[in-house]
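In listed order, ligands and their atoms are each counted from 1. All values below come from the heavy atoms of this structure, side chains included, with hydrogens, waters and symmetry mates left out.
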Amino acid sequence: MSQQNIVVGVTGGIAAYKMVDVVSQLRKAGFNVHVIMTANASQFINPLTFQTISQNAVMVDQFQAPSHWDVRHISMADKADLFLIAPASANMIGKIANGIADDMLSTTVMATTAPVLIAPAMNVHMYENEIVQQNINRLKALGYQFIDPEFGRLACGYEGKGRLASNDVIVNTILEFNCLKDLQGQKVLITAGPTREHLDPVRFFSNPSTGKMGYALASQAGKRGASVTLISGPSHLPDPKDVNTVRVQTAQQMYEAVLEHECDADIIIGAAAVADYRPVQQAAQKIKKAQDELTLTLVKNPDILREIGKHKNNRILVGFAAETHEPLKYGLEKLVKKNLDLIVINNVSDSDAGFAVDTNRVVLMDVEGNEEKIELTSKQQIAIAIWDYIVKHLINKEA
Ligand code: PMT
């Protein structure tokens, strides 16, 4: 599977400078980014800036000499998995809506069959102008998608709707867009959440896992085209969209559910915080507090990942390590002991990482000794980075 190509069209407007950061974020997210600028855009920002950030030649002039022979606007149009125009001026929106193709950007958009996302930015009165609105509605009806501008103070001094959507909104829209299907055809099995080991009907041993990390991995895999089964311990989170979610309570049930689904899976990820022990006996009725002391005997639960590691064949096996000290040392031990391909190490003593928070900070360590640190970010972004790593280093390692 090859890297996804995003063609970014930049038109003339002060918001053009914001696209430098957007292009940089898209590169970091693993996209191959090609920038096309209009002549007006190049008045606001030098093409060399985009060339340096995207590490690809920037096209402005339709007739500029290609490095090798191809019809530039056609080859770029064919290459695009997704087309983004941001900031999109009233002029460019009008051209596309009316079939005018008279420069590099408008001819390439006209020739592409890729989905096109348009993020307008202009003066509020221009944006509200009936002609512009009709052009937008016409393009929407034809399947072009829009990232609406924001309300706020505009460069022209006015206040109103017309400011380019924020960089995060633009990048997230692209990440969530269906064009990224690099897990298409992969069958993925993920464990998530805590397990509950009951002592009696009303008391149990558990841990603070909410399932957020594992659910983020499941929903991101689904968005990228994988067929996903999520085996979840008790969690308040709703089933992720398009994911086959199987709910269990105990480690033993999680183990049995994994065994039932593992033969189908190409990639298995253990993000669950599985209880290592359970009480030997579970009382059928609530234990009365008759004694001053109560001694419990615990017995070991199956180590789900370790068991799969013993017969993993061609499957990719990924584990997590939840550590409170010397995380890299203990993470490496688990990578080897469980016969994993990759381990995601989080330091759960950090208040903003690990259990029950929306953010995480991890180190990825693989069997070949490679390490990658992912600084504090949302669990959704961590999930994206983990999948990027798996696609790049484990699925496409021969490429
Ligand atoms: O759910 P959240 O609130 O979002 O929190 C996320 C998380 C902290 C639970 C997650 O990021 C995480 O670290 N998950 C693994 C927790 C854990 O149990 O780690 P461990 O180091 O004890 O286990 C190592 C690996 O073996 C894990 O992949 C675990 O799923 C697996 N394991 C452990 C015990 C067992 N009996 N069976 C297993 O499969």
Nearest neighbour in protein (non-hydrogen) for [atom]:
atom	answer
atom 5 (O) of ligand 1	Gly354 O, 3.4 Å
atom 3 (O) of ligand 1	Thr210 OG1, 2.6 Å
atom 30 (O) of ligand 1	Ala272 O, 2.6 Å
atom 34 (C) of ligand 1	Asp276 OD1, 3.3 Å
atom 6 (C) of ligand 1	Met213 CB, 3.6 Å
atom 14 (N) of ligand 1	Ala271 O, 3.0 Å

- Query: Between CD of Gln285 and CG of Asp200, what distance do you get to the nearest 0.5 Å?
  - Reply: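 These two atoms lie 10.0 Å from each other.
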- Message: To the nearest 0.5 Å, what is the distance between OG1 on Thr173 and CG on Asp168?
- Response: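 One gets 10.0 Å once the value is rounded to the nearest 0.5 Å.
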- How does Ile304 reach ligand 1, if at all, at less than 4.0 Å between non-hydrogen atoms: by side chain, backbone, both, or neither?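 Near ligand 1, Ile304 shows its backbone as well as its side chain.
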- Under a 4.0 Å heavy-atom limit, does Pro302 contact ligand 1 with its side chain, its backbone, both, or neither?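 Contact part for Pro302 vs ligand 1: backbone (N, CA, C, O).
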- Message: Could you check whether Glu293 and Thr295, counting side-chain N and O atoms only, form a donor-acceptor pair closer than 3.5 Å?
- Response: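 No, no side-chain donor-acceptor contact under 3.5 Å.
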Polar-atom distance check: [X] versus ligand 1, any N or O pair below 3.5 Å?
X	value
Lys212	yes
Gly270	yes
Lys334	yes
Ala322	yes

